[in-house]
Amino acid sequence: MLDINYLRENLKKLKTAAKNKKIVIDWDQLLKLDDQRRKLIQEMDNLRNQRNENANLLKDPKKRTSALIKEGRALKDKLASLESKYNLLLAQFEEIMVKVPIIPSADTPIGKDENDNVEIFKWGKPPKFDFKPKTYIELAENLDLLDLERGAKVSGYRGYYVKNEAVILQMGLMMFALNKLIAKGFTPIIPPTIVKEFVLFGSGYFNGKTYNPETDEIYKLANADKLSDGSIQKENKFLIGTAEPSLLAYYADEILEEKQLPIKFAGFSQCYRSEIGSYGKDTKGIYRVHEFMKVEQVCLTKADIAESDKIHLEMIEISKELHQDLKLPYRILQICTGDMSAGKYKMFDIEAWIPSKNGYGETGSASNFLDWQSRRLNVRYKDSKKNKNFVHMINNTAIPSPRFLISILENYQNKDGSIAVPEVLRPYLNNQDKIGPKEK
RNA sequence: GGAGAGGUGGCAGAGCGGUCGAAUGCACCGGUCUUGAAAACCGGAGCCCCGGCAACGGGGCCGUGGGUUCGAAUCCCACCCUCUCCGCCA
């Protein structure tokens with residue numbers, strides 16, 4: 001949520017930003033509510049001042065007259081009615097306020113939807129097969145690497161089992177990503193995957209102020225757990241869709257020292273997605289699933305756009321390296337305003353080549369939110385002048401399990417249906433260089 | 001499944017209807033003293049909101065939200081959380 005004073009000062013730019021991001025805001029109503037809100041605060045503070053003075057007089061038993069007590073009661077009633085009015089107003093005000101976007105970077109392309117995203121970088125050439133390449137589903141079923149039928153039987157639609165060498169490939173990918181990040185100074189973390197509501201609101205994973213199962217792609221736990229004293233825990237809990245929110249909320253309500261920054265986290269977690277808005281999309285295989293593993297990069301930096309921009313690019317360099325080390329052809333798209341959510345300042349997607357798609361498929365997404373998330377999560381730092389500032393927060397995928405698996409299986413396939421093991425993953429597979437049919 | 005204790009400033013910890021934005025200790029900042037440092041002594045400190053160019057003024061903040069009261073850190077209720085012990089369990 002933006003600061004209302006900032007909003008008033010940058011109204012024109014914000015209006016443009018909202019328009020470009022296709023977000024509808026009733027600006028007049030918002031400003032009107034804010035005016036009323038301020039006026040009410042003044043009135044209430046006035047009344048409280050009177051109440052306090054009245055109570056002070058009454059401290060002395062000698063001055064305790066029924067007139068003063070009556071006055072006190074009247075003040076109390078008046079205050080109560082203003083307070084309920086204020087609460088109503090505040091709720092209306094915040095409902096609009098949470099939707100106000102931040103202004104995207106100047107270099108963000110202005111566009112309607114994903115068709116207006118701009119390819120800014122490309123690496124590697126799609127492989128040319130001198131045979132008819134198989135899809136990863138065919139390859140995996142022949143080599144007993146995935147079991148989708150039983151996945152659906154046991155877990156339901158979008159359920160899957162990963163088997164045999166694919167398990168080691170998947171775990172190897174996770175370790176490979178973690179090791180690279182650790183070498184670059186990131187702190188490895190396995191965060192909780194069950195989180196409270198504020199974590200997801202703070203990271204911007206709800207469209208509104210609270211969870212909406214119709215629009216938010218988040219699982220909410222149906223049953224509560226028990227507290228240490230045996231009572232039922234009543235607060236709502238959710239499953240994360242990425243380690244990002246858990247990592248961002250790590251320092252919620254804390255004040256950091258400037259010298260701690262930048263903070264770099266490499267989070268490994270299982271990720272859960274309800275895919276509620278994607279029904280009917282990518283219905284086959286493991287391209288779009290309800291759960292997978294991912295290594296995620298998250299950085300907190302000083303409140304300096306040059307600095308967070310720089311780190312953002314460094315994080316993307318790491319994604320590039322990961323793709324290149326695995327020799328997966330990929331490209332990078334800069335995401336346009338219309339395909340960007342409210343809180344994002346600048347965003348890139350990374351897509352690896354998937355032969356069966358005859359195109360690229362998203363394998364990563366890197367976004368700089370500036371202080372949009374840190375305001376909600378209340379993560380600040382003290383600068384050298386002892387001023388408190390909200391940190392900038394940037395996140396980027398390192399490696400998500402299923403889509404890298406898809407890309408590897410298909411790009412590395414041989415004519416005989418076997419799959420070459422990417423060199424950097426061989427150590428995880430006892431230096432095996434090929435995955436062939438199982439002997440039964 | 002069962003039994004207790006408790007959440008107060010950066011930390012520790014008192015307060016148990018008005019004298020409390022809150023004792024005390026440690027940590028912190030400024031000063032005196034000292035060649036310098038330490039010690040000692042003196043002084044100062046928090047956050048948020050509203051108004052104001054500012055000096056400043058007003059309000060709020062003792063886990064969170066309600067309630068009782070002229071008045072709540074203190075009383076009542078709900079919620080959140082932590083700790084200890086027994087049981088069960090990965």
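Letters A, B, ... mirror the listed sequences (proteins, then strands); counts begin at 1.
Nucleic acid contact class of A/Asn56 (heavy atoms, under 4.0 Å, all strands): none.
Nucleotide B/A5 forms a Watson-Crick or G-U wobble pair with B/U82, both donor-acceptor distances falling under 3.5 Å. With a cut-off of 3.5 Å on both pairing distances, B/A22 has no Watson-Crick or G-U wobble partner at all. Look at B/C28: its Watson-Crick or wobble partner, with both distances under 3.5 angstrom, is B/G44. With both pairing distances under 3.5 Å, B/C62 is matched to nothing as a Watson-Crick or G-U wobble pair. Nucleotide B/G51 is matched to B/C56 when pairs are restricted to Watson-Crick or G-U wobble geometry with both distances under 3.5 angstrom. With a 3.5 Å ceiling on both atom-pair distances, B/G71 lacks any Watson-Crick or G-U wobble partner.
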Each nucleotide N or O in nucleotides 88-90 of chain B that has a protein N or O under 3.5 Å away: list the pair and distance.
none

With the criterion being N/O to N/O and under 3.5 Å, what pairs connect the protein with nucleotides 73-75 of chain B, and how long is each?
none

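Spacing between B/G10 and B/C62 at atom P, rounded to whole Å, works out to 13 Å. Only the C1' atoms considered, B/G25 is 23 Å distant from B/U32, to the nearest whole Å. Nucleotides B/G13 and B/G7 have their P atoms positioned 10 Å apart, rounded to a whole Å. Between the P atoms of B/C16 and B/C20, the separation comes to 12 Å (whole Å). Between B/G65 and B/A54, the two C1' atoms lie 38 Å apart (nearest whole Å). Separation of the C1' atoms belonging to B/A3 and B/C88 is 16 Å when rounded to the nearest angstrom. Here the separation of B/C75 from B/U8, taken at their P atoms, is 15 Å to the nearest Å. B/G46 and B/A27 have their C1' atoms separated by 15 Å, given to the nearest Å.
The pair A/Arg426-A/Asp433 does not meet the salt-bridge criterion, since no charged nitrogen lies less than 4.0 angstrom from a carboxylate oxygen. Residues A/Asp77 and A/Arg73 are not paired through a salt bridge, judged by the lack of any N-O separation under 4.0 Å between the basic side chain and the carboxylate. Using a cutoff of 4.0 Å between basic side-chain nitrogens and carboxylate oxygens, A/Glu83 and A/Lys78 are not scored as salt-bridged.
Taking the six-membered ring where tryptophan is involved, the planes of A/Tyr330 and A/His323 are tilted, since the angle between them lies from 30° to 60°.
At least one test fails for A/Arg375 against the ring of A/Trp372: distance under 6.0 Å to the centre or angle within 45° of the axis. Relative to the ring axis of A/Tyr219, A/Arg273 does not place its NZ or CZ within 45° and under 6.0 Å from the centre. For the pair A/Arg37 and A/Tyr86, the cation-pi test (distance below 6.0 Å, angle within 45°) is failed.
Side-chain atoms of A/Arg48 and A/Asn46 form no donor-acceptor pair, as typed in the model, at a separation below 3.5 Å.
Here the P atom of nucleotide B/G18 and the CG atom of A/Leu57 are 17 Å apart, to the nearest Å. Rounded to whole Å, the distance from CG on A/Leu75 to P on B/C70 is 12 Å. Spacing between atom CG of A/Asp3 and atom P of B/C48 amounts to 11 Å, rounded to whole angstrom units. The distance from atom CD of A/Glu254 to atom P of B/C47 is 17 Å, rounded to the nearest whole Å. In this structure, the CG atom of A/Asn87 is 11 Å from the P atom of B/G65, given to the nearest Å. Protein atom OH of A/Tyr381 is 18 Å distant from nucleotide atom C1' of B/C47, rounded to whole Å. For the pair A/Tyr86 OH and B/G66 P, the computed distance is 12 Å after rounding to whole Å. For the pair A/Arg375 CZ and B/C49 C1', the interatomic distance rounds to 15 Å; values are reported in whole Å.
When ring centroids are compared, A/Phe206 and A/Phe238 come within the 6.0 Å threshold. Ring-centre distance between A/Tyr250 and A/Phe265: below the 6.0 Å cut-off.
Side-chain N/O atoms of A/Asn5 include none lying less than 4.0 angstrom from OP1 or OP2 on B/C49.
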| Should A/His312 and A/Tyr345 be marked as a ring-ring contact (aromatic ring centres under 6.0 Å, His included) after you check the CA-CA gap, both sets of side-chain angles, and the distance that decides it? | CA-CA 11 Å; A/His312 191 190; A/Tyr345 167 73; 8.3 Å; no

| request: Start with the C-alpha distance between A/Thr242 and A/Lys294, add both sets of side-chain angles, then the distance that settles side-chain hydrogen bond (donor to acceptor under 3.5 Å, both in side chains), and finish with yes or no. | output: CA-CA 7 Å; A/Thr242 158; A/Lys294 181 154 66 74; 2.8 Å; yes

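Across the interface with RNA chain B, nearest-nucleotide mapping of A/Asn54 and A/Arg37 shows A/Arg37 to be the residue nearer the 5′ end. Both A/Arg380 and A/Lys70 sit near RNA chain B, but only A/Arg380 has its closest nucleotide nearer the 5' end.
You'll find that the side chain of A/Lys237 is closest to B/C81, out of B/G60, B/C70, B/C81. In this structure, the nucleotide among B/C81, B/G60, B/G18 sitting nearest to the side chain of A/Arg51 is B/G60.
Within residues 38-50 of chain A, the residues having any heavy atom closer than 4.0 Å to RNA chain B are, in order of number, A/Arg38, A/Ile41, A/Gln42, A/Asp45, A/Arg48, A/Asn49.
The neighbour count for A/Lys22 NZ, taken as heavy atoms of other residues, nucleotides or ligands under 6.0 Å away, is above 12. When the shell of 6.0 Å around CD of A/Glu149 is examined, it contains 12 or fewer heavy atoms from other residues, nucleotides or ligands.
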